Participant: 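Sending over a structure as structure tokens; questions will come in a sec.
Given the structure is predicted, the values throughout are model-derived calculations rather than measurements. When a ligand or atom number is given, it counts from 1 through the structure's own listing order.
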Amino acid sequence: MNLHERLTEALGRDAVKTQPEDLAVYAFDAYSQAAPPNAVVLPSSTQDVAAAVKISNACGEPVVPRGAGTGLCGGAVPAKGGVVISFARMNRLLALDVRNKRAHVQPGLINLELSEQIRSSGLFYAPDPSSQKVSTIGGNCATNAGGPHCLSYGTTVNHILGLEIVDERGEIFTTSLDDIGYDLTGTLVGSEGTLGIICAIDVRLMKLPESVRVWLAAFGDVEAASETVSAIIGAGIVPTALEIMDDVIVGAVEAAYGAGYPTDAGAVLLIEQAGFADDMDERESAIREIAHEHGAISWRAAKTQAECDLLWAGRKGAAGATGRYAPNYYIQDVCVPRSKLPTALHSVTQSARRHGLKVGNVFHAGDGNLHPLLMYDKRDRQQVAAVIGAGNEILQTCVDLGGTISGEHGIGYEKRDTLSLVFSTDDLATMAKMRDVFDPRRVLNPEKIFPAGVGCAEVKPPDAAYVISNR
Ligand SMILES: Cc1cc2nc3c(=O)[nH]c(=O)nc-3n(C[C@H](O)[C@H](O)[C@H](O)COP(=O)(O)OP(=O)(O)OC[C@H]3O[C@@H](n4cnc5c(N)ncnc54)[C@H](O)[C@@H]3O)c2cc1C
């Protein structure tokens with residue numbers, strides 16, 4: 001029997017896709033297009049996943065796990081054909097333990113749906129990537145997703161208590177934070193499908209806060225807004241979220257959502273504080289004073305839940321809203337020390353200007369995590385070249401400022417050749433050794449994360465055209 005017949009026999013006809021028009025869909029994620037896989041399976045259980053891996057092994061096919069495909073670095077698209085394992089059907093909340101504030105979920109459960117399903121119990125799941133209406137908890141685990149509220153709650157890794165994994169041989173094992181010895185849970189979170197396939201997840205839940213306030217400060221420019229963020233945290237205040245949008249992004253967001261952001265300001269700072277109701281007025285006046293000291297031209301407090309929701313809907317929908325400016329955007333994901341944000345943003349503007357591109361900035365300012373959106377039309381080769389040039393300059397500048405090449409979107413194959421900007425050959429060889437412990441034959445999501453040749457310690461220098469080169 002061939003690959004298709006064996007997968008169909010094991011998982012059932014409706015769980016296996018083999019038609020070219022079906023496979024073509026899985027050649028895309030939110031970043032890139034690659035070659036389609038040779039087959040796609042939609043397992044219903046961990047046993048199905050294990051069977052699919054064993055059959056893929058026997059047929060010499062690599063496997064690529066896939067959540068919702070919202071990844072921004074090409075992680076979920078097959079680099080070498082093979083079998084895509086989609087978790088679209090393993091999408092349920094399996095158990096809720098209110099007393100111990102934890103839940104057992106399948107990897108295909110959509111992030112926001114978890115919090116919606118458990119709301120009546122007074123709990124929520126804190127990691128909230130802006131894609132949370134669509135992206136899956138499994139994909140979030142595999143990328144160690146961040147999000148606006150990770151400033152105070154931490155990233156996905158801080159909320160994962162244990163995992164059920166199918167390994168490269170198709171064997172099932174579990175990890176738990178309670179285990180003594182090495183922290184395998186922490187190792188697997190963020191491994192982008194290269195160390196194991198996540199088939200179930202124990203997540204930590206948090207108590208819904210007594211009170212949540214949302215404030216909006218407007219500034220003349222994005223640098224002043226960034227200085228304010230440094231000053232707030234420098235004063236020992238850590239709000240739940242500190243998000244900046246510049247005037248380009250605000251223009252798009254207002255046209256799309258009418259969220260009430262001021263369109264005459266150079267930048268806005270969205271501040272959220274969760275906590276006890278009695279503390280809120282004092283907290284607001286402390287933050288407001290800092291904002292005014294740093295040039296805030298207006299201050300607004302959202303008065304109703306509907307107002308808070310609308311401001312957040314605008315922020316979380318910002319990337320999509322830029323479709324009003326250009327058919328395509330490339331979103332860079334870089335980090336700098338918070339105090340270097342104004343310098344980094346100035347340099348983003350200069351790079352975009354040099355390359356004749358429109359750029360908008362929307363970012364997790366509290367974490368020093370920049371997301372410049374370079375807008376372009378991918379049918380125009382000159383514009384594509386300009387985005388590659390500007391994207392690379394921004395990346396290098398942030399590294400030079402003491403930052404790093406990814407804040408939260410991961411490496412995938414987009415940035416695998418740039419890993420050597422921040423790690424030495426020895427560092428990479430050590431990481432590759434670790435990968436070899438889990439996946440010595442490189443059958444799990446091959447060609448991701450590591451620069452070509454790193455397995456034999458021949459690390460390539462960064463490729464001049466690494467950004468969006470595969471779009
Ligand atoms: C508009 C927009 C906003 C975004 N905002 C944020 C943000 O605020 N913060 C942030 O961190 N990211 C953000 N992202 C990026 C993306 O949503 C995240 O990386 C998300 O975690 C990917 O989840 P997914 O389910 O779509 O996974 P996919 O894109 O399907 O997969 C991502 C990676 O995880 C692996 N994977 C998926 N499922 C499994 C599994 N079960 N086992 C093992 N490996 C698996 C894949 O192989 C791939 O390498 C945004 C993306 C978009 C388009």
Side-chain angles (χ1 to χ4, degrees), residues 26 28-32 34 37 43 46 49 53 62-79 82-91 105-113 127-151 155-157 160 163-168 188-201 241 243 312 315-323 329-331 333 335 362-364 367 369 371 373 406-414 416 438-439 444-449:
Y26 296 87
F28 293 85
D29 69 359
Y31 163 73
S32 62
T46 303
V49 176
V53 171
V63 292
V64 181
R66 183 182 177 96
T70 66
L72 287 165
C73 60
V77 295
V83 176
V84 164
I85 299 183
S86 162
F87 285 95
R89 289 183 183 171
M90 290 176 66
N91 61 355
V105 307
Q106 290 185 310
L109 179 62
I110 289 170
N111 176 306
L112 189 59
E113 285 184 8
D128 66 331
S130 301
S131 58
Q132 73 178 144
K133 278 198 275 188
V134 189
S135 66
T136 65
I137 309 252
N140 297 168
C141 269
T143 55
N144 187 21
H149 293 85
C150 293
L151 172 63
T155 59
T156 299
V157 72
I160 304 302
L163 297 168
E164 180 178 64
I165 298 288
V166 166
D167 73 10
E168 46 95 32
L188 284 150
V189 174
S191 63
E192 301 187 28
T194 63
L195 301 184
I197 303 174
I198 301 165
C199 293
I201 306 154
E243 299 281 305
W312 273 116
R315 162 59 191 92
K316 292 197 173 181
T322 62
Y329 65 81
Y330 168 71
I331 183 165
D333 168 40
C335 265
V362 47
F363 57 102
H364 311 309
D367 297 318
N369 184 191
H371 287 327
L373 277 105
S406 172
E408 56 183 14
H409 295 167
I411 305 299
Y413 70 62
E414 181 208 7
R416 67 193 199 116
F438 285 87
D439 182 22
L444 296 177
N445 212 1
E447 313 272 314
K448 305 293 167 63
I449 302 185

Participant: Parallel, tilted or perpendicular: which one describes the rings of W312 and H149, with boundaries at 30° and 60°?
Facilitator: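 Ring orientation of W312 relative to H149: tilted.
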Participant: Measure the distance from atom 24 (P) of ligand 1 to every protein heavy atom, then report the residue, atom name and distance (to 0.1 Å) of the closest one.
Facilitator: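 For this ligand atom, the closest protein heavy atom is A68 N, 3.5 Å.
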Participant: Mark yes or no for whether N140, through its side chain, and N111, through its backbone, hold a donor-acceptor pair below 3.5 Å.
Facilitator: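 Not confirmed, N140 side chain does not pair with N111 backbone.
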Participant: List the closest protein heavy-atom neighbour of atom 22 (C) of ligand 1: residue, atom name, distance to the nearest 0.1 Å.
Facilitator: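 For atom 22 (C) of ligand 1, the nearest protein heavy atom comes out as T70 OG1, 3.4 Å.
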Participant: For ligand 1, which atoms, with element, lie under 4.0 Å from some heavy atom of G75?
Facilitator: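 Every atom of ligand 1 under 4.0 Å from some heavy atom of G75: 47 (O), 48 (C), 49 (O).
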Participant: Quick test: of every protein heavy atom, which one is nearest to atom 2 (C) of ligand 1, and how far off is it to 0.1 Å?
Facilitator: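 That would be S131 CB, 4.1 Å.
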Participant: Under 3.5 Å, is there a donor-acceptor pair between the side chain of N144 and the main chain of V157?
Facilitator: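 Checking the backbone N and O of V157 against the side chain of N144, a donor-acceptor pair under 3.5 Å is found.
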Participant: Give the numbers and elements of all ligand 1 atoms closer than 4.0 Å to a heavy atom of N445.
Facilitator: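 In order of numbering, the contacting atoms are 47 (O), 49 (O).
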Participant: Within the 4.0 Å heavy-atom shell around G67, which atoms of ligand 1 are there?
Facilitator: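 Once the distances to G67 are compared, the set is 25 (O), 28 (P), 30 (O), 37 (C), 38 (N).
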Participant: Can you sort out which atoms of ligand 1 are near E408, meaning under 4.0 Å from one of its heavy atoms?
Facilitator: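 Near E408, meaning under 4.0 Å from one of its heavy atoms, ligand 1 has 7 (C), 8 (O), 9 (N), 10 (C), 11 (O).
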Participant: Test of understanding: given a 4.0 Å heavy-atom threshold, classify the contact between K448 and ligand 1 as side chain, backbone, both, or neither.
Facilitator: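 Within the 4.0 Å criterion, K448 makes no contact with ligand 1.
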Participant: Supply the atom-to-atom distance D167 CG to D439 CG, rounded to the nearest 0.5 angstrom.
Facilitator: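 One gets 9.0 Å once the value is rounded to the nearest 0.5 Å.
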Participant: Say whether, by atom type as modelled, one donor and one acceptor occur between the side chain of D333 and the main chain of H409 under 3.5 angstrom.
Facilitator: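 Present.
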Participant: Could you list the atoms of ligand 1 found under 4.0 angstrom from a heavy atom of F87?
Facilitator: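 Near F87, meaning under 4.0 Å from one of its heavy atoms, ligand 1 has 40 (C), 41 (N).
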Participant: Could you grab the distance from atom CZ of F363 to atom CD1 of I331, nearest 0.5 Å is fine?
Facilitator: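 Nearest 0.5 Å value for the CZ-CD1 distance: 12.0 Å.
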Participant: Take every heavy atom of Q132, measure it against each atom of ligand 1, and state whether any distance is under 4.0 Å.
Facilitator: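 Not so, Q132 does not reach ligand 1.
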Participant: Name the option, out of A321, G193, P65, that contains the heavy atom nearest to atom 46 (C) of ligand 1.
Facilitator: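 Ranked by closest heavy atom to atom 46 (C) of ligand 1, first place is P65.
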Participant: Quick test of your reading of the model: are E447 and R416 salt-bridged, counting only N-O distances below 4.0 Å?
Facilitator: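 R416 and E447: salt-bridged.
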Participant: Looking at T143, which atoms of ligand 1 are within less than 4.0 Å of one of its heavy atoms?
Facilitator: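 Numbered from 1, ligand 1 contributes 19 (O), 20 (C), 21 (O), 32 (C), 33 (C).
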Participant: For atom 31 (O) of ligand 1, which protein heavy atom lies nearest, and how many Å away is it?
Facilitator: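 Atom 31 (O) of ligand 1 sits closest to the protein heavy atom A76 CB, 3.7 Å.
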Participant: If only atom types and distance count, is the side chain of T156 paired as donor or acceptor with the main-chain N or O of A145 below 3.5 Å?
Facilitator: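 Checking the backbone N and O of A145 against the side chain of T156, a donor-acceptor pair under 3.5 Å is found.
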Participant: Has N445 got a side-chain atom pairing as donor or acceptor with G75's backbone, closer than 3.5 angstrom?
Facilitator: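 It does hold such a pair.
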Participant: For the side chain of S131 and the backbone of V134, is there at least one donor-acceptor N/O pair under 3.5 Å apart?
Facilitator: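 No, the answer is negative, given that no donor and acceptor are paired below the 3.5 Å cut-off.
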Participant: Is a salt bridge present between E192 and K448, judged by a nitrogen-to-oxygen distance below 4.0 Å?
Facilitator: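 Judged by the 4.0 Å cut-off on N to carboxylate O distance, E192 and K448 do not form a salt bridge.
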Participant: Tell me the protein heavy atom at minimum distance from atom 29 (O) of ligand 1, and give that distance in Å.
Facilitator: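 Atom 29 (O) of ligand 1 sits closest to the protein heavy atom G71 N, 2.8 Å.
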Participant: Considering all heavy atoms of both residues, which atom of A68 and which atom of S135 are nearest to each other, and what is their separation?
Facilitator: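 The pair with the smallest heavy-atom distance is CB-CA, 3.9 Å.
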Participant: Name the option, out of S135, A318, P107, C150, that contains the heavy atom nearest to atom 23 (O) of ligand 1.
Facilitator: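 Minimum heavy-atom distance to atom 23 (O) of ligand 1 goes to S135.
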Participant: What is the nearest protein non-hydrogen atom to atom 20 (C) of ligand 1, stated with its residue, atom name and distance?
Facilitator: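 Of the protein heavy atoms, N140 ND2, 3.5 Å lies nearest.
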Participant: Heavy atom of G412 under 4.0 Å from ligand 1?
Facilitator: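 Per 4.0 Å heavy-atom rule, G412 does not contact ligand 1.
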Participant: Purely on distance, is any nitrogen or oxygen of Y329 under 3.5 Å from one on ligand 1?
Facilitator: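 Looking only at distances, the answer is no, because the N/O contact criterion of under 3.5 Å is not met.
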Participant: On a heavy-atom basis, I'd like to know which of A142, G190, G146 is closest to atom 35 (C) of ligand 1.
Facilitator: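 Comparing heavy atoms across A142, G190, G146, the nearest one to atom 35 (C) of ligand 1 lies in A142.
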Participant: Specify the protein heavy atom at minimum distance from atom 27 (O) of ligand 1: its residue, its atom name, and the distance to 0.1 Å.
Facilitator: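 Of every protein heavy atom, G139 CA, 3.5 Å lies nearest to atom 27 (O) of ligand 1.
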Participant: I'd like to know if D128 and K316 make a salt bridge, using a cut-off of under 4.0 Å between side-chain N and carboxylate O.
Facilitator: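 A salt bridge links D128 with K316.
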Participant: Can you find an N or O of V64 that's nearer than 3.5 Å to an N or O of ligand 1?
Facilitator: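 No; every N/O pair is 3.5 Å or more apart.
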Participant: How far is atom 42 (N) of ligand 1 from its nearest protein heavy atom, and which residue and atom is that?
Facilitator: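 Here the closest protein heavy atom is I198 N, 2.9 Å.
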Participant: Nearest to atom 8 (O) of ligand 1 by heavy atom, G407, C73, S130: which?
Facilitator: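 Looking at heavy atoms only, the winner is S130.
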Participant: As an exercise, identify every atom of ligand 1 less than 4.0 angstrom from a heavy atom of G196.
Facilitator: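 Every atom of ligand 1 under 4.0 Å from some heavy atom of G196: 43 (C).
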Participant: Start with the C-alpha gap between F87 and Q106, add the side-chain angles, then the distance that decides, and say whether side-chain contact (heavy atoms from CB on, under 4.5 Å) holds.
Facilitator: CA-CA 8 Å; F87 285 95; Q106 290 185 310; over 6 Å; no
Participant: Got a sec, which residues hit salt bridge (Lys or Arg N to Asp or Glu O under 4.0 Å) with D367, two or more places apart in sequence or on another chain?
Facilitator: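 D367: no salt bridge (Lys or Arg N to Asp or Glu O under 4.0 Å) contacts found.
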Participant: In terms of atom number and element, which parts of ligand 1 are under 4.0 angstrom from non-hydrogen atoms of A145?
Facilitator: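 Those of ligand 1 that fall under 4.0 Å from A145 are 11 (O), 21 (O).
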